[in-house]
Amino acid sequence: MPLDLHALTPDQLRARRTLKWTAYPADLLPMWVAEMDFPVCREVTAALTRAVAAESFGYPSPVVHAELADALVEWQAQQHGWTVDPAGVHSVGDVMHGVDLAIRYFSGPDDPVIIPTPVYMPFFDIVRLTGRPQVHVPMSWDGARWTFDLAAIDAAFAAGGRTVLISSPHNPLGRVFDAAELAGLAAVVARHGGRVISDEIHAPLVFDRPHLPYAAASPEAADHSITVLSASKAWNLPGLKCAQVITTNAADTAAWKAMPYWETVGVSTLGMEASIAAYREGGEWLAQVVATLAEHRDLVAQAVASWDGVTTVPNEGTYLQWLDFTRLGLDVEPSAWLVEQARVLVNPGVPFGGEPRRFARLNFATTRSLLDEGLGRIEQAVRSRRP
Ligand SMILES: Cc1ncc(COP(=O)(O)O)c(C=O)c1O
């Protein structure tokens, strides 16, 4: 039986006691951090209920890890036709921890990391914490979409870069990269003997074309990439702390397995049980969520098209919309202006690498009535600004 994805009220969402609905005053409509306002997949909550009844609160077991690796391998084969060796699946507590380890163990201490921007803001912090220099390469607009600037990435490698860190599908630009874009990037990276770390946490949340795993884009891509992903974004489980790293060649698999145990610790037992259920039994729920998100994506696009002074980019995946307020000519950050004028909370664009006073990111994974409310509030603020 399909769930009513629009059933939860603000009081119920606040009762979850998680970040999105509790960090700010209640009169602010939260359309910021990447949590979804939908009821969780019943197959996942059933697995968690079973695990709680069994008091599965001990340390994570290699037996459960092996089951999770098999579930992920099956999911990748079904969804993307990608054959993953279960020996190359490694558990970590969250995606950013996996990215951190991939940088520290697979590049030298002075090797610059190339980051196409704008991008999910913790990328900058994580790279800074590894001590590696970072080189920001703006994504380029090809007239229809934001894509990798291969000439600039090539130049960054020529200047000493060793690793590119990508978000694919892309947060916050909503891009789902096609085979030619990924193969183009792979060719540049291979030419310089570099590496790609591909954060594919949003892979199940695509609307118009299938996600293509970077490592499956070409044989050279599998040779030089490390993929980091999790069921946590698509099934809305980030507090359960469970992500996977996929290595796609024997040397990388051996190097990952050789890491000290304390580096990789952090995955939770309950998160593993929930992720197995998501990959094995969560497909129907996910299809319903993706269909609803696609409707919401269209509603946001229609609304923005009617707002004089605000523009956006076509969204192909993720439930995050990158909004451009440049033409409104604000003298403050658009997110601060929306708090004041619309009582709507979105993410500011600057931490993603966007220029000041131009961008904000809106989360549309909410109920239809809350989406209408949020878009209505923003529309009123925009109208009152433009006579
Ligand atoms: C691209 C991207 N990577 C990583 C994360 C966070 O993942 P985790 O909580 O597993 O570190 C997010 C969260 O929104 C994200 O958008």
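Just follow the structure's listing: the first ligand is 1, and inside any ligand the first atom is 1.
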What protein heavy atom sits nearest atom 10 (O) of ligand 1, and how far away is it?
Val95 N, 2.8 Å

How are the rings of His6 and Phe38 set to each other: parallel, tilted or perpendicular (split at 30° and 60°)?
perpendicular

What do you reckon, does Ser230 have a nitrogen or oxygen under 3.5 Å from a nitrogen or oxygen of ligand 1?
no

Among all protein heavy atoms in this structure, tell me which lies nearest to atom 11 (O) of ligand 1, with the distance rounded to 0.1 Å.
Met96 N, 3.1 Å

Would you mind listing which atoms of ligand 1 come within a distance below 4.0 Å of any non-hydrogen atom of Ala34?
14 (O)

Could you check whether Phe124 and His136 have their ring centres less than 6.0 Å apart?
yes

Any idea which protein heavy atom is nearest atom 7 (O) of ligand 1, and the distance to it?
Ile201 CD1, 3.3 Å

For the aromatic rings, using the six-membered ring if either is Trp, is the centroid distance between Trp322 and Phe359 under 6.0 Å?
yes

Are any of the side-chain nitrogens in Arg209 or Glu316 under 4.0 Å away from the carboxylate oxygens of its partner?
yes

Between Lys241 and Asp94 (salt bridge meaning N to carboxylate O under 4.0 Å), is one present in this structure?
yes

Test of proximity, Phe123 against ligand 1: N or O pairs below 3.5 Å
no

Which residue and heavy atom of the protein sit nearest atom 12 (C) of ligand 1, plus the separation:
Tyr120 CZ, 3.2 Å

Considering non-hydrogen atoms of the protein only, which is the closest contact for atom 13 (C) of ligand 1, and what is the distance?
Lys233 NZ, 3.2 Å

Check contact between His97 and ligand 1, using heavy atoms of the residue and a distance below 4.0 angstrom.
no

What side-chain donor-acceptor pairs closer than 3.5 Å can you find for residues 298-306, not counting sequence neighbours?
{"from": "Ser306", "atom 1": "OG", "to": "Ala303", "atom 2": "O", "distance (Å)": "2.7"}

Using the ring centroid of each side chain, check whether His224 and Tyr214 are separated by less than 6.0 Å.
yes

Please identify which atoms of ligand 1 are closer than 4.0 Å to at least one heavy atom of Ser167.
1 (C)

Can you spot which of Val89, Thr247, Ile246 makes a side-chain contact (heavy atoms from CB on, under 4.5 Å) with Trp256?
Thr247

Ion pair check, Asp37 and Lys20, cut-off under 4.0 Å:
yes

Counting non-hydrogen protein atoms only, what is the nearest one to atom 3 (N) of ligand 1? Give residue, atom name and distance.
Asp199 OD2, 2.5 Å

Hey, which atoms in ligand 1 end up nearer than 4.0 Å to a heavy atom of His202?
1 (C), 15 (C), 16 (O)

Output the list of atoms in ligand 1 that are nearer than 4.0 Å to some heavy atom of Asn171, sorted by atom number.
15 (C), 16 (O)

Which residue and heavy atom of the protein sit nearest atom 9 (O) of ligand 1, plus the separation
Asp94 CB, 4.1 Å

